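Written out below as structure tokens is the structure these notes cover.
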Amino acid sequence: MRFTAGPKYANRAAMTTKTAYVKTYGCQMNVYDSGRMRDSLTTLGYAETLSPDNADLVIFNTCHIREHAAEKVYSELGRMRKLKEARHANGREMIVAVAGCVAQAEGSEIIRRARSVDLVFGPQTYHRLPQLIAEHLQTGKAIVETEFPAEDKFEAMDQQNSALRPGRSVSAFLTVQEGCDKFCSFCVVPYTRGAEFSRPVAQIEAEARRLAERGVKEITLLGQNVNAYHGLGPDQVVTNLAGLLTRLSQIDGILRLRYTTSHPRDMDDALIEAHASNPKLMPFLHLPIQCGSDRILKAMNRGHGVQTYLDTIAKVRTAVPDMAFSGDFIVGFPSETDTDFDATLSLIETVGYASAYSFKYSPRPGTPAADHKTQVPDDVTTERLSRIQSLIHAQQTTFNRSCIGKTVAVLLEKKGRDAGQLVGRSPYLQPVHVEGPETDIGTLKNIAINDVGTNSLSGHYGVVKQ
Ligand code: 5AD
Ligand code: SF4
């Protein structure tokens with residue numbers, strides 16, 4: 001869809017290519033969403049620029065999950081005001097847009113706090129981006145769009161994006177499920193992303209095929225509760241994540257499949273069995289529990305206890321002995337005691353993670369936990385965070401070291417920093433550095449691992465000599 005320049009931008013008629021800068025904060029779903037917005041902008045005739053300095057359009061795709069993430073956006077917007085004023089003084093304009101979860105949560109408050117902002121739109125209205133830009137260009141007025149419209153956003157974007165950007169990556173994200181109905185007491189997602197929704201199978205398959213045609217070899221299916229996926233199949237029968245993965249693994253050119261993030265309550269037998277039987281499904285499972293205390297899990301409204309989680313891990317390990325686990329942990333949740341925290345450390349010891357993320361609890365406005373009377377003092381939370389991170393780091397190092405002397409299949413993704421070096425990923429999601437020809441990018445190679453760095457492995461082509 002093309003738009004006509006309105007009065008505010010009349011002097012731009014003579015300009016040639018418009019440029020857009022998109023900056024992403026937060027989770028992988030935001031990375032995916034930014035990619036879809038970039039596709040829409042290509043269709044609209046915008047060329048991508050990697051700096052806001054000379055951009056006609058700047059979009060911040062924001063994250064509201066923790067306070068820190070949201071505040072970063074406001075400091076960027078302050079910088080944009082200066083850029084925008086400087087451009088205006090030179091007779092050029094800049095549209096500043098705030099998208100994503102901060103946009104959804106704060107709406108018009110953003111325009112009040114940051115007057116440089118022209119567009120505010122939430123994650124459910126990305127498909128309306130062309131209309132929003134056109135309307136703003138016509139009227140020059142700020143627009144706030146935070147509805148949850150009835151139309152299918154994905155369908156609308158599929159139709160819009162006739163001019164897909166050239167494929168650049170070997171590995172791509174594909175959102176299959178969005179939103180959440182679980183209402184953990186700390187979490188903003190049910191409010192910012194809305195109710196749980198699964199895309200239909202045929203729509204996902206079509207997108208996966210398009211990715212494969214653009215040279216993508218690995219697809220990571222995304223969803224806030226991806227293993228709760230229950231999309232309608234072409235035969236009008238509801239399909240679970242295991243069924244979807246089976247279908248996607250039949251697409252020519254797709255070598256690897258992954259999915260994230262899973263909820264322990266939705267880790268069903270069919271999905272575990274899919275790991276055991278589908279060689280394209282990688283042995284890596286991000287399965288956050290958040291903490292190791294039953295009392296806190298209850299206060300978090302997680303809907304399961306520690307034992308259920310450990311039973312699930314055991315079941316997965318029985319089916320897939322080399323499964324690598326990852327998780328998320330929140331420390332300093334309201335009322336968390338030393339005993340509760342020790343239980344978290346002990347759970348981490350029991351599971352043995354290949355990697356994990358840990359966060360200080362951040363009270364989010366509107367969530368039940370934010371009103372809890374017993375917030376944990378910051379110095380206590382800081383100390384707990386440092387202890388949990390040391391433990392996780394030690395486990396990650398142990399896991400990485402356990403790969404030395406083994407041969408792992410690595411999907412080579414891009415050139416490394418050093419000349420002649422390539423970087424890929426192991427089945428367990430570890431970055432692997434290796435010397436090899438650029439023509440091998442996009443292929444799977446057996447790499448003999450002979451060294452580990454802080455967060456990565458390195459090795460050489462071939463198999464380990466016994
Ligand atoms: N404070 C800190 N961490 C949070 N997360 C979600 N909400 C909060 C919060 N209010 C973490 C959880 C989740 C990950 C995406 O972010 O660990 O799994
Ligand atoms: Fe941030 Fe969660 Fe929104 Fe992703 S879904 S952008 S992590 S708040």
Side-chain angles (χ1 to χ4, degrees), residues 24-33 61-72 100-102 104-106 123 173 175 177-194 196 220 222-228 259-267 285-293 296-297 299-304 306 309 312 325-336 340-341 344-345 347-348 351 353 355-372 374-378 380-382 384-386 388-389 391-392:
T24 311
Y25 299 83
C27 64
Q28 293 143 320
M29 296 197 60
N30 268 14
V31 174
Y32 171 83
D33 289 340
N61 191 10
T62 61
C63 174
H64 201 243
I65 198 101
R66 285 170 289 275
E67 188 179 0
H68 183 59
E71 281 307 316
K72 274 199 280 191
C101 293
V102 175
Q104 189 64 41
E106 301 199 352
F173 293 133
T175 293
Q177 178 278 331
E178 210 176 353
C180 182
D181 293 340
K182 292 199 170 65
F183 290 93
C184 296
S185 62
F186 52 82
C187 188
V188 287
V189 167
Y191 313 97
T192 57
R193 291 268 173 180
E196 199 178 294
T220 302
L222 299 181
Q224 265 98 19
N225 274 287
V226 72
N227 58 343
Y259 59 90
T260 196
T261 290
S262 296
H263 195 289
R265 270 161 60 190
D266 296 312
M267 204 61 221
L285 182 59
H286 183 61
L287 196 66
I289 181 170
Q290 313 296 351
C291 81
S293 150
I296 298 290
L297 284 173
M300 287 177 165
N301 192 33
R302 292 287 292 174
H304 66 87
V306 170
Y309 181 81
T312 303
F325 291 94
S326 141
D328 291 338
F329 294 92
I330 296 178
V331 297
F333 183 83
S335 88
E336 183 188 70
D340 293 318
F341 179 65
T344 300
L345 295 181
L347 172 118
I348 295 172
V351 173
Y353 288 92
S355 64
Y357 301 92
S358 51
F359 312 101
K360 275 186 182 180
Y361 168 70
S362 170
R364 305 313 292 129
T367 59
D371 297 329
H372 202 291
T374 337
Q375 300 289 331
V376 178
D378 190 56
V380 176
T381 308
T382 302
R384 287 180 188 162
L385 187 71
S386 135
I388 199 171
Q389 289 189 336
L391 177 57
I392 290 168

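Just follow the structure's listing: the first ligand is 1, and inside any ligand the first atom is 1. These numbers come from a predicted model, not from an experiment. Throughout, numbering of the chain's residues begins at 1 and tracks the sequence.
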Quiz item: Quick one: do Arg384 and Asp340 make a salt bridge, cutoff under 4.0 Å?
Solution: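 Salt bridge absent between Arg384 and Asp340.
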Going by the order shown, which atoms of ligand 1 are within less than 4.0 Å of some heavy atom of [X]?
| X | value |
| --- | --- |
| Arg66 | 1 (N), 2 (C), 3 (N), 4 (C), 5 (N), 11 (C), 16 (O) |
| Asp328 | 13 (C), 14 (C), 15 (C), 17 (O), 18 (O) |
| Lys360 | 1 (N), 2 (C) |
| Gln290 | 12 (C), 13 (C), 17 (O), 18 (O) |

Practice problem: Please state which part of Ile65 comes within less than 4.0 Å of ligand 1, counting heavy atoms only: side chain, backbone, both or neither. | Solution: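 Both backbone and side chain.
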Quiz item: Taking the six-membered ring for Trp, is the centroid-to-centroid distance between Tyr353 and Phe329 below 6.0 Å?
Solution: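 Ring-ring flag for Tyr353/Phe329: true, centres closer than 6.0 Å.
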Quiz item: Rounded to the nearest 0.5 Å, how far apart are CZ of Phe183 and CZ of Arg302?
Solution: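 That separation rounds to 14.5 Å.
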Practice problem: Describe, in one word, how the ring planes of His286 and Tyr357 are oriented to each other, choosing from parallel (under 30°), tilted (30 to 60°) and perpendicular (over 60°). | Solution: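 His286 and Tyr357: perpendicular rings.
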Quiz item: Are Tyr309 and Ile289 side-chain neighbours, meaning at least one heavy-atom pair lies under 4.5 Å?
Solution: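 Tyr309 vs Ile289: side chains touch.
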Quiz item: Evaluating non-hydrogen atoms only, which member of Phe333, Phe186, Tyr357, Phe329 is closest to atom 7 (N) of ligand 1?
Solution: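 Selected option, by shortest heavy-atom distance: Phe186.
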